[in-house]
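Read through the structure below, which is laid out as structure tokens, and then see the notes.
A note on names: the letters A, B, ... follow the listed sequences, proteins ahead of strands, and every chain is numbered from 1.
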Number of protein chains: 4
Amino acid sequence: MVIVLNQHISPDQKRFLRDFLQGRGYQIREITGEEETIFGAVGPSTLDVREVEVLPGVQRVVPLTKPFKLVSREFKPEDTVVSVGPVRIGAGRVSLIAGPCAVESEDQMMRAGEAAADAGAVMLRGGAFKPRTSPYAFQGLGERGLEILKKAGESLGLPVVSEVVSAEHLTMMRGYVDCFQIGARNMQNFELLKSVGGMGMPVILKRGAAARIEEWLMAAEYLMAHGTDQIILCERGIRTFETYTRNSLDISSIPVVKKLSHLPVIVDPSHATGIRDKVLPVALGAVAAGADGLIVEIHPNPEEALSDGAQSLYPEQFEKLSGDIQALCPVLGKELN
Amino acid sequence: MVIVLNQHISPDQKRFLRDFLQGRGYQIREITGEEETIFGAVGPSTLDVREVEVLPGVQRVVPLTKPFKLVSREFKPEDTVVSVGPVRIGAGRVSLIAGPCAVESEDQMMRAGEAAADAGAVMLRGGAFKPRTSPYAFQGLGERGLEILKKAGESLGLPVVSEVVSAEHLTMMRGYVDCFQIGARNMQNFELLKSVGGMGMPVILKRGAAARIEEWLMAAEYLMAHGTDQIILCERGIRTFETYTRNSLDISSIPVVKKLSHLPVIVDPSHATGIRDKVLPVALGAVAAGADGLIVEIHPNPEEALSDGAQSLYPEQFEKLSGDIQALCPVLGKELN
Amino acid sequence: MVIVLNQHISPDQKRFLRDFLQGRGYQIREITGEEETIFGAVGPSTLDVREVEVLPGVQRVVPLTKPFKLVSREFKPEDTVVSVGPVRIGAGRVSLIAGPCAVESEDQMMRAGEAAADAGAVMLRGGAFKPRTSPYAFQGLGERGLEILKKAGESLGLPVVSEVVSAEHLTMMRGYVDCFQIGARNMQNFELLKSVGGMGMPVILKRGAAARIEEWLMAAEYLMAHGTDQIILCERGIRTFETYTRNSLDISSIPVVKKLSHLPVIVDPSHATGIRDKVLPVALGAVAAGADGLIVEIHPNPEEALSDGAQSLYPEQFEKLSGDIQALCPVLGKELN
Amino acid sequence: MVIVLNQHISPDQKRFLRDFLQGRGYQIREITGEEETIFGAVGPSTLDVREVEVLPGVQRVVPLTKPFKLVSREFKPEDTVVSVGPVRIGAGRVSLIAGPCAVESEDQMMRAGEAAADAGAVMLRGGAFKPRTSPYAFQGLGERGLEILKKAGESLGLPVVSEVVSAEHLTMMRGYVDCFQIGARNMQNFELLKSVGGMGMPVILKRGAAARIEEWLMAAEYLMAHGTDQIILCERGIRTFETYTRNSLDISSIPVVKKLSHLPVIVDPSHATGIRDKVLPVALGAVAAGADGLIVEIHPNPEEALSDGAQSLYPEQFEKLSGDIQALCPVLGKELN
């Protein structure tokens with residue numbers, strides 16, 4: 001870290017500061033300029049910079065090291081490829097994951113699943129435990145929903161992913177899903193991250209609506225530190241002042257994350273926009289910007305959907321999206337999974 | 001809800017829309033102006049407006065009813081006063097809650113508690129399970145921390161509050177704390193909200209860093225719908241583009257919430273600013289704007305704190321804050337609790 | 001507009017409200033439901049909804065009409081194609097505009113211009129009046145810069161665009177440029193909008209860093225109401241809490257604007273990201289999402305640039321970008337201009 | 001500045017970097033730790049850090065010096081007191097500035113002015129050139145409005161302030177106003193800042209709705225570098241994702257700015273909240289947090305206001321506000337001006 005000293009720091013304050021830092025394992029080098037004096041301090045990165053910032057004689061403290069380790073490119077330069085059953089996410093492929101927001105019935109799930117499979121999806125999604133803003137809204141079918149999802153996946157030969165909202169469900173869910181999903185609202189539910197990490201299974205980790213990229217990677221660090229290295233990051237839009245769309249897709253996060261980390265990044269254009277006719281252009285944009293895949297909400301009959309119908313694609317829209325991505329892949333030197 | 005129709009909506013589309021809404025229990029009234037035609041629809045408020053917005057011939061849909069019920073002023077016009085042991089929060093009092101970010105040792109907790117009590121705090125805070133951005137940071141003493149907190153509270157005759165991060169801890173925690181706290185990162189951890197609500201005990205509910213006021217009140221609605229009406233809302237700053245402070249205290253949220261809801265609102269100036277010398281002015285501002293209390297981080301020796309030392313007040317700073325609020329109360333027609 | 005009444009509105013308040021609105025030309029229709037009563041009011045859209053919201057007995061007011069007229073799709077359903085000299089922007093083309101952030105010298109401008117032209121750019125950009133955050137930073141060459149820009153354009157047979165920062169410069173600038181640019185910081189400099197609109201020439205209107213889409217379109221409405229219909233909207237990133245990039249490109253704004261308005265939309269990936277190696281992926285994403293073109297900063301020698309060197313592409317990077325877009329165009333059913 | 005090097009930087013890259021920085025006047029000191037190597041570089045602060053960040057072998061660059069000079073506490077440790085006619089703003093006073101959003105007529109201005117004066121305001125405000133989002137909204141009375149404002153001020157013995165929106169108006173306006181106001185939308189209209197600075201008169205500089213504190217101070221630096229040191233900073237709310245209020249008052253900015261700069265800071269609670277019944281609590285909060293004054297919109301008859309009626313106080317509300325602040329001042333060790 002670098003500590004910018006006050007111009008009028010006293011010798012006593014300087015000594016105290018030096019001792020404080022050395023006592024915590026830092027090596028100090030002083031650099032004196034015409035207008036400013038700084039301490040360059042290298043050492044363990046566990047000290048919160050704000051704890052130095054409040055010491056007398058200190059003007060500002062600037063952290064130097066990134067706080068994440070295991071998920072960083074420095075730790076592992078080559079791309080991670082995540083395997084979910086036979087499917088491989090990352091490394092030059094564009095993978096489509098699709099399915100309904102919530103599993104509602106066998107018929108609905110089967111029809112959505114067939115539409116997904118027909119258009120080239122390699123994994124099925126379907127929510128069984130739905131985190132809803134209102135306590136009065138449909139909260140999902142629970143374990144029954146997972147049964148239905150699993151049955152659809154087996155029938156179509158596709159692995160399945162579903163959101164986990166409580167550590168208590170993990171053992172039960174392991175019998176049904178091939179991949180866990182951690183939702184945006186739970187991105188910093190650290191207890192859940194620890195428990196899911198401990199399962200050692202593939203995880204899709206959504207970015208919180210107000211999470212900085214660094215915090216998102218720290219959440220992945222939690223998963224990895226607790227036992228999983230099969231992590232798929234998922235950008236799903238951040239909250240901004242704009243009100244026309246539900247969220248604002250942070251498209252730059254794709255190249256930023258791919259530079260900082262070895263983990264694959266997919267995009268959820270359904271939540272990012274919140275409205276059906278914006279999903280396709282934004283999804284194409286995300287793939288063109290380097291996303292390793294998409295997770296898309298589709299529904300055989302969106303008008304009847306019990307949740308998020310407004311952002312669910314019709315089967316024929318998903319087919320169009322898949323076709324467009326197929327055409328786009330050669331331009332990017334990639335292949336549709 | 002109000003549906004603004006497209007200028008060129010076809011009679012068929014109009015009929016479909018009318019049937020769709022009436023089939024869901026809405027009464028429709030058409031209003032035709034020179035430039036626009038609208039449907040006014042009154043009925044049950046469970047339909048997601050976006051599900052109407054995507055129907056053919058619809059230009060925009062505007063919701064009319066607020067989604068929260070039990071926490072609203074309409075439901076209960078008079079102020080709720082929350083009782084935590086002998087302490088009453090709300091109704092013309094300014095209540096100070098103070099203590100360390102994390103319980104670190106008996107000595108540290110006792111010294112912080114004494115400083116809090118001496119300066120007029122009516123409740124002690126102390127974290128035992130700490131949600132930390134980094135998996136490598138100090139995560140709290142767990143149950144041992146709660147024992148220490150309880151002991152300090154009993155010794156000083158003050159009720160205690162601590163953050164709950166997992167539903168699995170609730171039964172155990174009930175033996176130690178008088179009030180639960182739900183942290184900002186868990187504000188939309190709905191499983192936790194349901195479980196905590198079911199305990200029927202007092203709860204401090206922090207606003208999420210990216211939560212709109214409406215979502216914050218919906219989280220309180222979860223608690224109330226599941227069994228607790230002893231809810232203290234806590235504004236602790238929202239995330240904005242400003243980088244000088246850790247968060248930006250949304251001071252307007254105090255009068256906004258007090259108009260929309262009957263629940264008391266306190267402010268956490270420590271997290272809102274993140275830096276010690278900004279805590280006092282912002283805390284005073286919050287009380288002047290109508291907050292029913294403050295929850296403040298203090299530490300007998302902030303330089304040695306294991307977490308959030310930079311934003312913890314020295315005992316003498318807290319004493320000064322308490323004195324200033326004491327002087328401010330008569331101006332506001334309130335009394336320091 | 002729709003006015004939601006308080007449950008306990010008095011007959012007098014209701015009468016006053018009705019008179020107030022009718023006196024301002026509104027027709028009122030009352031709709032009474034079980035939980036709420038609303039007034040549907042259609043009429044002139046010049047009344048600020050907040051002025052109704054504060055009247056006694058009113059709970060909420062909801063505006064129905066969009067405030068923009070001339071720039072809306074309702075006003076003009078077909079796409080506007082903007083002509084800048086021989087170049088046509090919009091209508092199935094992807095147009096590349098490129099050049100240095102600031103014109104620095106004849107040599108620099110000429111070399112940047114050649115690189116732009118060689119790679120297929122159809123218009124040159126170059127700043128002569130630079131709005132800089134610091135008063136001590138390079139502020140541009142002024143009129144001399146425009147001379148150089150014009151000369152480069154003539155020599156390469158390309159029209160040129162440059163930013164205008166003051167109405168006083170307009171007459172002078174008209175002698176040099178084919179298109180004006182209004183920068184993000186001046187998007188709501190209404191005096192400038194009025195003056196530029198009055199010139200009747202093509203304008204690139206950048207979105208302000210904190211402007212909602214509606215405000216951006218209202219700024220275009222100013223231009224159009226004062227005499228120009230040759231407007232190119234330019235998305236250049238909005239300010240969010242994310243700090244890895246200079247701004248966050250709001251990619252959804254492209255399909256949103258194309259639905260709301262008939263005007264073409266281009267994207268500035270240089271300012272949106274602020275860092276060179278993020279420009280290419282984000283630029284491709286923007287085109288895939290439907291942008292009608294790009295405005296890109298390039299420099300023959302970015303390390304020596306007097307402003308924004310960090311986000312300027314090397315000539316060979318721009319060539320690569322152009323090639324990628326060329327390959328992308330058939331997928332989108334478009335052609336590179 | 002501090003440059004964090006890539007772990008695998010080559011000797012050639014290191015040499016190039018060293019030469020690059022030394023060639024621009026920097027002194028370099030290398031600090032090697034176990035995990036990282038950094039260059040500490042002290043020298044002139046005119047180099048954009050991003051220009052170093054893109055050089056080969058560089059991982060990150062961290063700026064050390066604040067970019068503002070003249071407005072900083074380091075440059076001038078004691079508080080600036082701004083004199084507008086006989087009124088002094090800053091230094092232990094709380095100053096109230098009040099008047100209508102827009103001057104509408106002699107009668108309206110006179111009645112608003114009397115209400116302001118009666119309640120203890122020391123300066124009158126009144127807009128003559130109104131920057132309005134819509135080109136179809138009332139744009140102000142222009143010079144006629146200034147005549148009316150001046151007449152009211154003279155009649156009541158109070159100095160007056162009005163917003164300037166174009167440099168072309170400055171000479172004319174000087175004949176009418178005692179203080180210029182630069183609005184939030186023009187905070188980075190640098191041409192206007194230069195011209196207003198050159199007048200050498202007092203200026204109220206509003207913070208832009210998306211301006212970081214540093215940019216706000218840089219705008220003040222423009223004014224000061226061009227000739228005015230009579231600058232009053234005005235916080236008026238920033239744009240966030242919250243939609244209940246028009247803006248979100250950044251109350252922490254008051255203590256932050258007072259530490260960074262010697263200039264006085266006032267608050268505009270009218271624009272910060274946008275709705276009348278939130279103005280009073282937020283205004284009190286701002287004064288308690290250390291604001292040197294308030295600028296408040298009042299109107300003799302808000303329902304008839306031609307602009308911003310919804311946020312204008314009734315005369316009796318302003319009187320109540322003034323009384324509350326009078327009571328608050330002794331608590332803060334201040335006096336109402």
TODO: Identify which part of C:Asn189 has an atom lying under 4.5 Å from any heavy atom of chain D, answering side chain, backbone, both or neither.
DONE: both
Task: Smallest separation among heavy atoms of C:Glu221 and D:Pro135, with atom names - done: CG-CG, 3.8 Å
Open item on the list: The test is side chain to side chain contact (heavy atoms under 4.5 Å, CB included); show your working for D:Phe190 and C:Lys130 and say whether it passes.
Closed with: CA-CA 9 Å; D:Phe190 300 116; C:Lys130 299 302 305 171; over 6 Å; no
Task: Pairwise distance CG(C:Leu192) to CG(D:Asn186) - rounded to 0.5 angstrom - done: 9.5 Å
Open item on the list: Does any backbone or side-chain atom of C:Gln139 lie under 4.5 Å from a heavy atom of chain D? Answer side chain, backbone, both or neither.
Closed with: side chain
Open item on the list: Looking at C:Arg239 and D:Glu215, is any side-chain nitrogen of the basic one under 4.0 Å from a carboxylate oxygen of the acidic one?
Closed with: yes
- [ ] Might you point out which heavy atoms bring D:Gln188 and C:Thr133 nearest each other, and give the distance in Å?
- [x] NE2-CG2, 4.2 Å
- [ ] Drop me the distance from D:Phe241's CZ to C:Phe241's CZ, to the nearest 0.5 angstrom.
- [x] 9.0 Å
Task: Minimum-distance pair of heavy atoms, taken over all atoms of C:Tyr222 and D:Arg132 - done: OH-O, 2.6 Å
Task: Atom group of C:Phe138 that falls short of 4.5 Å from chain D, counting heavy atoms - done: neither
Task: Between OG on residue D:Ser134 and NZ on residue C:Lys69, distance to nearest 0.5 Å - done: 9.0 Å
- [ ] Please determine, among C:Met224, C:Arg212, C:Arg276, the option with the most heavy-atom pairs under 4.5 Å with chain D.
- [x] C:Arg212
Open item on the list: Taking side chain as everything from C-beta outward and backbone as N, CA, C, O, which of these in C:Glu191 sits under 4.5 Å from a heavy atom of chain D? Side chain, backbone, both or neither.
Closed with: side chain
Open item on the list: Does any backbone or side-chain atom of D:Phe20 lie under 4.5 Å from a heavy atom of chain C? Answer side chain, backbone, both or neither.
Closed with: side chain
- [ ] With a 4.5 Å cut-off on heavy-atom pairs, point out which of D:Met218, D:Glu168, D:His226 contacts chain C the most.
- [x] D:Met218
